[in-house]
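Reviewing the structure listed below.
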Amino acid sequence: NLDVVKSKVVTVCPYCGAGCKINLCVENGKIVRAEGANGVTNQGELCLKGYFGWDFLNDTKLLTPRLNEPMIRREKGGKFEVVSWDEAISYTAQRLKEIKQKYGAKSIMHTGSSRGTGNETNYVMQKFARAVTGNNNVDCCARVCHGPSVAGLQQTLGNGAMSNSITDIENSKCLLVFGYNCADSHPIVARRVIKAKEKGAKIIVCDPRKIETARIADQHLQMNNGTNMALVNAFAHVLIEENLYDKNYVANFTEGFEEYRQIVADYSPEAVEKLVGVPAEDIRQAMRTYAAAPSATIMWGMGVTQFGQAVDVVKGLSGLALLTGNLGRPDVGVGPVRGQNNVQGACDMGVLPNEFPGYQSVTNPEIRAKFAKAWGINADDMDPNVGYRITEVPHLALEGKVKAYYIMGEDPLQTEADLGLVRKGFDALEFVVVQDIFMTKTAEQADVILPATSWGEHGGIFSCADRGFQRFGKAIEPKGNVKRDWEIISLLATEMGYPMHYNSNEEIWDELRELCPLYYGATYEKIGEMGHVQWPCPTLDHPGTPYLYKDNHFDTPTGKGQLFATAWRAPAEIPDEEFPLVLCTVREVGHYSCRSMTGNCAALQTLADEPGFVQMHPEDAQRMGICDQQILWVESRRGKVISRCNYNERINKGAVYMTYQWWIGACNELTQDNLDPVSKTPETKYCAVRVEPI
Ligand code: SF4
């Protein structure tokens, strides 16, 4: 048909940190197909979310309504009223100014977004918080996922990111996969793990479940839930006791060995095998394999980070790499593989309460002066203190310290731990602004809704999990009365008395580059031409950095890797007679985050269209008289939800598993907000529950 106008737009998948490149095929303004493009990570392959995660962009009959007009709710509990953009912006600015005047700048909280909005928008949002509101209260969902990886790795190695590239995984000779179900979290990364196996790599999996990767592993240490720190300390114990560590490397490139050695001395495999649930000899064998490999990589996911002791475990895992010299060269290293597609980018852009873009500390007066000068504000007006984290907001709202919440592309009323607590916190807020693409659970509670363009309707830059900047393209025109996220923030800033005007993404990116030595050389053109530029990229002729810590120089204050060990602490809520099972939250391969995007894609919805199951080991279930597929109550000390039993022999006895994407059977009604003391990440991988037939 000659009348059909066709185009093919290269973009980057919005569904995980693997950063796969996609060709979106467009006909007459509608997307008709997605094809794998030749990205560095995916080399033409995609997983099902990449292939089928776009049709919400075409469809107007969605399960969750798309937001397509600005709306105001003038009274709590009242109805939303569609208004013009002028009115929405002026009303929002007025309310925020009043709250700032009445309660002070600290009373306003902001989020950036780790989703499809892009790095430029996150830069503008943190600038809004710091230059317009005047605080560092800006955060993102890294707080509930890989915040501990950022905090832990910054202390041990100097950078809170993957040390090496995703492409290195397949050439590593040993993969230690710890609390990371890559088949469900990052299927294209899982392909690299399979390729490594095909090339002869040894694979060690540490996980309470028999996850997909365990099926091809040389060793699967099916540990007890909540014992990560004990197992990591036992690993370190074996490396030292059996002289498997690299003494020259430790002497020349690390600090803290003596204290570290003393702490892990108490963690012989024999001493912890009962606690961890893994035979001592298996623990020893795992470290013999890891230490003997000419190159070894440690990968982890939320099975490490969503615990109250997560930062310590991250430090412990990086200690194993330091002990064996598995850093500073290709095909080795540490890999916290970031979950949401741009959570690395949100952190890179300073959507963190303690750091400006480029991981520059907000407590450093020289750094504050640099940003103040560039932004045309007085350095003395900048907040010199670390701001609030999103997980602290419910408590701070109940204490009356946070009064207004400007939320962009996040859904805390679905995705945060202990939703009962989060709801109480929201009820205590005076003013909530939600800037999003769907009527999420959080948007339903907003006072103002600012509708934004979606991935597919705008372009920009994402950071994938291995520090790689990639440009993504605009495929279609937006349909509603929506605006780009950074345009909305700029209008609001201007209305609040701080003129902010940008004409393009590139203009924002150039402003950012000038302020961030880590990214200065990563120009828009270079990212376009090379396709994938990994920071640090300090100069215009720099090609980017595929692996960090070359020449074993670490980005710590002394230039040396820091060894830390910490005693194991039990999770906060241990099962007892009343609540005898551990609940662990897990991921659903076909759905993403709060499911607002993937839940509105027909193919993905068809694959998983029922509110999440509760996975139970058949022996546990039968002992309780529960049949497969039976409808149950799942109850914790915080709440009670309906779910359906799913017999699953691949999970460990004594624990049940639920995915977190669903509104009915929402497992975050049950989870608890025991926070890691450093990163403030909640312990969503462990709480006590009971199950009962309805
Ligand atoms: Fe998208 Fe991740 Fe799947 Fe790649 S692996 S297609 S980035 S969801």
Side-chain angles (χ1 to χ4, degrees), residues 12 17-19 21 39-41 112 114 118-123 126 140 142 146-147 149-154 156-168 318 327-330 332-338 340-352 354-361 367 370-371 460-472 505-506 508-551 553-556 559:
V12 178
K21 289 213 171 158
V40 172
T41 312
S114 304
N119 282 347
E120 299 89 330
T121 292
N122 279 310
Y123 171 79
Q126 63 80 39
C140 67
H146 269 294
S149 300
V150 178
L153 290 175
Q154 283 182 334
T156 55
L157 308 178
N159 290 288
M162 282 181 77
S163 65
N164 285 54
S165 302
I166 290 172
T167 48
D168 280 13
S318 51
L327 285 158
R329 54 195 163 94
V332 296
V334 291
V337 192
R338 310 299 290 259
Q340 301 213 27
N341 72 309
N342 202 36
V343 67
Q344 181 68 53
C347 296
D348 292 349
M349 296 301 111
V351 174
L352 293 170
N354 60 334
E355 284 168 332
F356 286 107
Y359 302 97
Q360 301 174 83
S361 175
I367 300 287
K370 176 174 80 169
F371 278 88
I461 292 175
F462 289 146
S463 304
C464 61
D466 63 5
R467 301 170 280 105
F469 293 132
Q470 302 193 112
R471 278 169 60 174
F472 63 97
N505 285 352
E506 195 168 348
I508 301 168
W509 190 254
D510 284 344
E511 178 179 313
L512 159 88
R513 284 195 308 108
E514 293 286 341
L515 287 161
C516 299
L518 268 185
Y519 319 139
Y520 176 72
T523 61
Y524 236 70
E525 297 76 31
K526 188 189 284 185
I527 298 169
E529 279 164 21
M530 293 180 63
H532 178 255
V533 177
Q534 290 164 283
W535 63 257
C537 184
T539 57
L540 294 177
D541 58 357
H542 195 287
T545 306
Y547 63 90
L548 299 171
Y549 316 124
K550 197 169 175 211
D551 302 324
H553 177 86
F554 295 94
D555 296 318
T556 55

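- Within the cation-pi definition used here (under 6.0 Å to the ring centroid, within 45° of the axis), Arg513 qualifies as a partner of Tyr520.
- Here the OG atom belonging to Ser463 is positioned 10.0 Å from the CG atom belonging to Asn341, to the nearest 0.5 angstrom.
- Applying the side chain to side chain donor-acceptor pair (under 3.5 Å) rule to Trp509 yields no partners; only residues at least two apart in sequence or on another chain are considered.
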Q: Go through Glu355 and Cys347 one step at a time and tell me if the side chain to side chain contact (heavy atoms under 4.5 Å, CB included) criterion holds.
A: CA-CA 9 Å; Glu355 284 168 332; Cys347 296; over 6 Å; no

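- For the pair Tyr524 and Asn505, the minimum side-chain heavy-atom distance is below 4.5 Å.
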Q: Any chance you could lay out the side chain to side chain contact (heavy atoms under 4.5 Å, CB included) test for Glu506 and Glu525, step after step, and finish with the verdict?
A: CA-CA 9 Å; Glu506 195 168 348; Glu525 297 76 31; 2.8 Å; yes

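- One N or O on the side chain of Lys526 and one on the backbone of Gly521 form a donor-acceptor pair closer than 3.5 Å.
- The shortest distance between side-chain heavy atoms of Phe554 and Thr156 does not fall below 4.5 Å.
- Note that CG of Asn354 is 12.5 Å distant from CD of Gln360, once rounded to the nearest 0.5 Å.
- Between Thr523 and Asp510 there is no side-chain heavy-atom pair separated by less than 4.5 Å.
- A ring-centre distance under 6.0 Å is found for Tyr519 and Phe469.
- A distance of 3.5 Å separates CZ in Phe472 from CZ in Phe462, rounded to the nearest 0.5 Å.
- The CH2 atom of Trp535 sits 10.5 Å away from atom CG of Asp466, with the distance rounded to the nearest 0.5 Å.
- Of the candidates Lys21, Gln470, Arg338, Gln344, Cys464 forms a side-chain contact (heavy atoms from CB on, under 4.5 Å) with just one, namely Gln470.
- For Ala465 against Val337, the heavy-atom pair with the smallest separation is CB-CG1, 4.2 Å.
- Screening Leu515, Val351, Ile461 for a side-chain contact (heavy atoms from CB on, under 4.5 Å) with Tyr123, the sole residue that qualifies is Leu515.
- The side-chain heavy atoms of Thr41 and Thr167, taken from C-beta on, include no pair separated by under 4.5 Å.
- Distance alone, capped at 3.5 Å, is enough to place a donor-acceptor pair between the Arg467 side chain and the Met162 backbone.
- Shortest non-hydrogen contact noted between Ser165 and Pro546 is OG-O, 2.8 Å.
- For the pair Cys516 and Pro357, the minimum side-chain heavy-atom distance is below 4.5 Å.
- We find the CZ-CG distance between Arg329 and Asp168 to be 11.0 Å, quoted to the nearest 0.5 Å.
- A distance of 5.5 Å separates OG in Ser163 from CG in Leu327, rounded to the nearest 0.5 Å.
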**Q.** From CA spacing to verdict: side chain to side chain contact (heavy atoms under 4.5 Å, CB included), Asn159, Leu153
**A.** CA-CA 6 Å; Asn159 290 288; Leu153 290 175; over 6 Å; no

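- Side-chain contact between Asn164 and Val332 is present, with heavy atoms from C-beta onward closer than 4.5 Å.
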